[in-house]
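This report concerns only the one structure given below.
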Amino acid sequence: MEIAVLLRNDLRLHDHPALSQAVLDGKILPVYVLEENLGDAFKYWTHRNLETLQSSFREIGGELFVSRLPLPETVRALQEELAITAVYFNQSHHPQQRIRDEEFALQLVGEGLIVRIFEGTMLLPPSESVKGNGEPYQVFSPFYKQFRTKSIPPTVPRIREALFVGCDLNIKSISTDITSLQLVPSIPWTHGMDEIWTPGEDAAIERIQTFIDEDVAAYKITRDFPAISGTSRISPYLAIGSLSVRSVYHYTLKTQPDVSEAFIRQLIWREFAYQMLIHFPHTVSKPLNPKFSKFPWLNNEEHYEQWCLGQTGVPLIDAGMRELLSTGYMHNRVRMNVASYLTKHLLIDFTKGMSWFWNKAIDADFANNTFGWQWTSGSGADASPYFRIFNPYLQSKKFDSEAVYIRKWVPELRGLSNQDIMEPDQASSDALEKAGVVLGETYPRPIVPHKAGRARALLAYEKIKK
DNA sequence: TAAACGTTCAC
DNA sequence: TGAACGTTT
């Protein structure tokens, strides 16, 4: 049997259910299919991960086939040119892709092709995580509790050898090379990403093993401090699928069963985000809580731009936004703060934040991004109540008490004391002068003072409360 | 995965 | 005066 294995955000040879079954069933043709509307940073990350995946296939005597066509056209062309008789792939949970895939699969089956769909993204297929009455969970704690009682399917072995369908035939009409997909931005802004992130599954596995072996026990405490590398930093690998979440789960519980629950809990938050997207696909653009459709957003364009570029005049917020822009990543503690600041202090629609992160985050994941923004804005499932408004100055004091994170990303304030650097507009003119800071010139004044911003946000919330 | 604000109580 | 705690937003 000649099997096309369609690859998307699952660029790995380890624990790849579709590939692994295909290798047992016949000759394989691994095919990368570019989907539409990927974010800019994620495109670049995809490019780099495709390169490492290509070398992995070459090491075992094969070749990654890169298609220039959309998924249905790709399969059609492979059918005609290479007499493919089967198509295997890991299911996409992107609402539109999933519907298209299911319809197309039915068509192909109707024509006599063998189509097999696997779960390669989630710990459990989403159908298994529903309440007793069949309804989806919308509160995390009970979801987590029942999830933890389930056994997660074991991983499948890494592909080490396979029979490949010869693809050097007359199929230039379909195939292209990685570079021609044009995933690398023409104006380069990716230098900071290159410095921080190593693509590929070997790097991904090394990262998670180091974290689990050395850091997971302290995670519960250290994860809150953005200047410490206390988090796993595996999100970019999970997003492109160069790391399998089941591998992470099993490795963690096998090697550190007694000290890893806080981390496991985060993997289950991811699972929760996916099942919310699956059951409530409208949340990609509309608030989950319908009350929020009447929310009086201000949507000031200039303020939005200041937020995007890290020029709000609030050091912690600016540090985070600059970290994102430079590295494609932002520490989770700071993500919560910048999201709170955008939606509450600035009263800017959470979908604007969603789209900035979609384009700038190297770990852009459709489910996580959607869920996270719904949650922080107060609209989402099990959301923090709207009145949970972060005080960015208090957050700096609690979680970056030595201002190490702020100094790293807001260098123009480095000369200020730990106290002044967190809130430079409250520093004495003497202190500012000594540090070479001129408010409004070398560093902006805050767009909105904290107290006034908080009061304004609460007032806006009153309007949709009924 | 919050913060503000009021009250109480110990100095 | 200021922790400490409970309640409100």
Side-chain angles (χ1 to χ4, degrees), chain A residues 137-145 147-148 215-216 218-233 235 260-273 276 288-289 291-292 295-296 314-317 319-320 329-347 350 353 357 363 365 367-401 405 422-423 426 446 448-466:
Chain A
Y137 282 96
Q138 290 195 59
V139 181
F140 178 72
S141 297
F143 176 84
Y144 169 74
K145 213 173 150 190
F147 194 92
R148 226 34 203 91
D215 302 324
V216 79
Y219 172 79
K220 193 176 176 187
I221 308 289
T222 56
R223 64 173 173 155
D224 267 326
F225 302 93
I228 301 177
S229 96
T231 60
S232 68
R233 301 176 74 92
S235 56
S260 57
E261 200 55 35
F263 176 66
I264 291 291
R265 197 180 164 89
Q266 297 306 307
L267 296 179
I268 299 174
W269 270 106
R270 175 180 180 275
E271 207 77 4
F272 188 53
M276 283 301 295
L288 174 72
N289 180 345
K291 280 182 188 168
F292 273 78
F295 195 89
V314 182
L316 182 67
I317 305 303
Y329 181 84
M330 192 192 301
H331 188 281
N332 185 246
R333 167 60 51 188
V334 190
R335 290 192 202 214
M336 293 190 288
N337 274 276
V338 302
S340 169
Y341 196 78
L342 182 78
T343 56
K344 298 174 188 188
H345 287 79
L346 300 183
L347 292 172
F350 71 92
F357 267 72
D363 58 13
D365 173 289
N368 284 338
N369 196 43
T370 301
F371 181 88
W373 279 97
Q374 291 276 356
W375 188 87
T376 43
S377 74
S379 157
D382 210 4
S384 55
Y386 187 83
F387 45 77
R388 258 186 211 172
I389 297 166
F390 284 80
N391 176 336
Y393 306 112
L394 207 53
Q395 289 277 311
S396 313
K397 212 166 140 186
K398 275 191 196 167
F399 301 114
D400 187 31
S401 58
Y405 182 75
M422 295 177 191
E423 197 171 4
Q426 294 299 309
V448 51
H450 170 66
K451 210 173 167 185
R454 175 184 161 81
R456 188 172 71 172
L458 288 172
L459 198 65
Y461 181 60
E462 281 301 311
K463 293 187 179 158
I464 63 159
K465 214 171 164 185
K466 301 177 286 292

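A note on names: the letters A, B, ... follow the listed sequences, proteins ahead of strands, and every chain is numbered from 1.
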*Considering residues at least two apart in sequence or located in another chain, which fulfil the ring pair (Phe, Tyr, Trp, His ring centres under 6.0 Å) criterion with F225(A)?*
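F225(A) satisfies ring pair (Phe, Tyr, Trp, His ring centres under 6.0 Å) with F399(A) only.
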Take atom [atom1] of [X] and atom [atom2] of [N], then tell me their distance rounded to the nearest Å.
X	N	atom1	atom2	result
F225(A)	dT1(B)	CZ	P	15 Å
R388(A)	dA3(B)	CZ	P	10 Å
F399(A)	dT1(B)	CZ	P	11 Å
Y461(A)	dA2(B)	OH	P	16 Å
Q374(A)	dT1(B)	CD	C1'	18 Å
K451(A)	dC5(B)	NZ	C1'	10 Å
I389(A)	dA3(B)	CD1	P	11 Å
Y393(A)	dA4(B)	OH	P	12 Å

Name the closest nucleotide to the [X] side chain, picking from [options].
X	options	answer
W375(A)	dC5(B), dA2(B), dT1(B)	dT1(B)
D224(A)	dT9(C), dA3(B), dT1(B)	dT1(B)
N332(A)	dC5(B), dA4(B), dT1(B)	dT1(B)
Q266(A)	dA3(B), dC5(B), dT1(B)	dT1(B)
L394(A)	dA4(B), dT9(C), dT1(B)	dA4(B)
K398(A)	dT9(C), dC5(B), dA3(B)	dA3(B)

OP1 or OP2 of [N] versus the side-chain N and O atoms of [X]: is any pair under 4.0 Å?
X	N	answer
N391(A)	dA4(B)	yes
Q395(A)	dA3(B)	yes
H450(A)	dA4(B)	yes

*Set of residues satisfying side-chain contact (heavy atoms from CB on, under 4.5 Å) with respect to A381(A), sequence neighbours excluded*: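 Checked A381(A) against side-chain contact (heavy atoms from CB on, under 4.5 Å); matches are F272(A), M276(A), L288(A), F371(A).
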Using the test salt bridge (charged side-chain N to carboxylate O under 4.0 Å, His left out), find all partners of [X] that sit at least two apart in sequence or belong to another chain.
X	result
R148(A)	E261(A)
R333(A)	D224(A)
R335(A)	D363(A)

*Under 4.0 Å between any heavy atoms, over every strand shown, what does K220(A) touch: base, sugar-phosphate, or nothing? Just pick one.*
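Contact class for K220(A): none.
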*How are the rings of Y386(A) and F292(A) set relative to one another: parallel (under 30°), tilted (30 to 60°) or perpendicular (over 60°)?*
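Rings of Y386(A) and F292(A): tilted, as their planes differ by 30° to 60°.
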*Would you check if the distance from the ring center of F295(A) to the ring center of F350(A) is below 6.0 Å?*
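Distance test on ring centres: not under 6.0 Å, no.
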*Validation row: Q266(A), R223(A) side chains within 4.5 angstrom (heavy atoms)*: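 A side-chain contact under 4.5 Å exists here.
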*In residues 334-347 of chain A, which ones come under 4.0 Å of DNA chain B, going by heavy atoms?*
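Per residue number, the list reads M336(A).
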